[in-house]
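Working notes, beginning with the structure itself.
Bear in mind that the values here come from a model prediction, so they are computed numbers and not experimental data. Just so you know, ligand 1 is whichever comes first in the structure, and atom 1 is the first atom listed for that ligand.
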Amino acid sequence: MTSALIIVDVQNDFCPGGNLAVKGGDEIVPLINALARQYKDVILTQDWHPEGHSSFASQHSGHAPFTQIEMPYGPQTLWPDHCIIGSEGAEFHKDLDVPHAELIIRKGFRKTIDSYSAFFENDHKTPTGLGGYLKERGFKKLTLVGLAFDYCVRYSAEDAKMLGFETEVIERATRAIDLGGTAALTCTSFQQRGIKLI
Ligand code: VGL
Ligand code: ZN
């Protein structure tokens, strides 16, 4: 079966010292490097926001980071400014070593809409093109790792499954933000949708 490894958002801002640091985010890098060596086909995703992105709490006076607001496309969690195009925080972790990655898919570059999933923006309608790319390449099975387990990995895995890919997530090669139970919710959701959690 033709399978690909998708490495989600292993970027400085999601690692300790970054602007939206995920606890232990850097710890998964050696494991991801080792995993990647076992896959011929590897794809990287990169969170990639313009300055003043609408998912930043700094753009919504009176609203703190990690709270939710309603956007035209639905609820949106507000984040500290992070992964700004061209910034050091948006760069991949310096130890991420996947020279054979075949595609880097960037997401979240439209100012008025966020994109957790590597497949669809947060309106769950606007495609990034990744689904078409993977189908055209003939992949049937996808393995996902990276950051963050309960946001970009979660929504990417759910969309992958919905698009018909056999989908698995390797839990020890992820770390969660865990805002009020979102990590546990992710496990439940994976179970309900038939996404394998390894
Ligand atoms: C992510 C929040 C905001 C992620 C990206 O990569 O999980 N989370 N932007
Ligand atoms: Zn983001």
* Can a donor-acceptor pair be found between the side chains of Gln11 and Asp47 at a distance below 3.5 Å? -> no

* Asked: Going by the angle between their ring planes, with limits at 30° and 60°, are Tyr155 and His124 parallel, tilted or perpendicular?
  -> tilted

* Short N or O distance, Cys152 and ligand 1, threshold 3.5 Å exclusive -> yes

* **Under 3.5 Å: N/O of Ala148 near N/O of ligand 1** => yes

Of all the atoms in [X], is at least one N, O or S atom closer to the Zn ion (ligand 2) than 2.8 Å?
X	result
His82	yes
Asp9	no
His53	no

* Can we call the ring centroids of His82 and Phe56 under 6.0 Å apart? -> yes

* Asked: Is the centre of the Phe14 ring less than 6.0 Å from the centre of the His93 ring?
  -> no

* Structure fact -> Logged contact type for Val8 with ligand 1, heavy-atom cut-off 4.0 Å, is neither

* Atom of Asp47 closest to the Zn ion (ligand 2), considering N, O or S atoms -> OD2

* Please confirm whether the backbone N or O of Asp13 pairs with a side-chain atom of Asn19, one donor and one acceptor, at under 3.5 Å? => no

* When you measure from the centre of the six-membered ring of Phe119, is the NZ or CZ of Lys107 under 6.0 Å away and within 45° of the axis? -> no

* Asked: Quick one: does His82 get within less than 4.0 Å of ligand 1, heavy atoms only?
  -> yes

* Select the closest option to atom 6 (O) of ligand 1 among Asp9, Asp150, Asp114, judged by heavy-atom distance. => Asp9

* Asked: Going by the order shown, which atoms of ligand 1 are within less than 4.0 Å of some heavy atom of Asp47?
  -> 5 (C), 9 (N)

* Asked: Where is the tightest heavy-atom contact between Ser117 and Thr128, given as atom of each residue plus distance?
  -> O-CG2, 4.4 Å

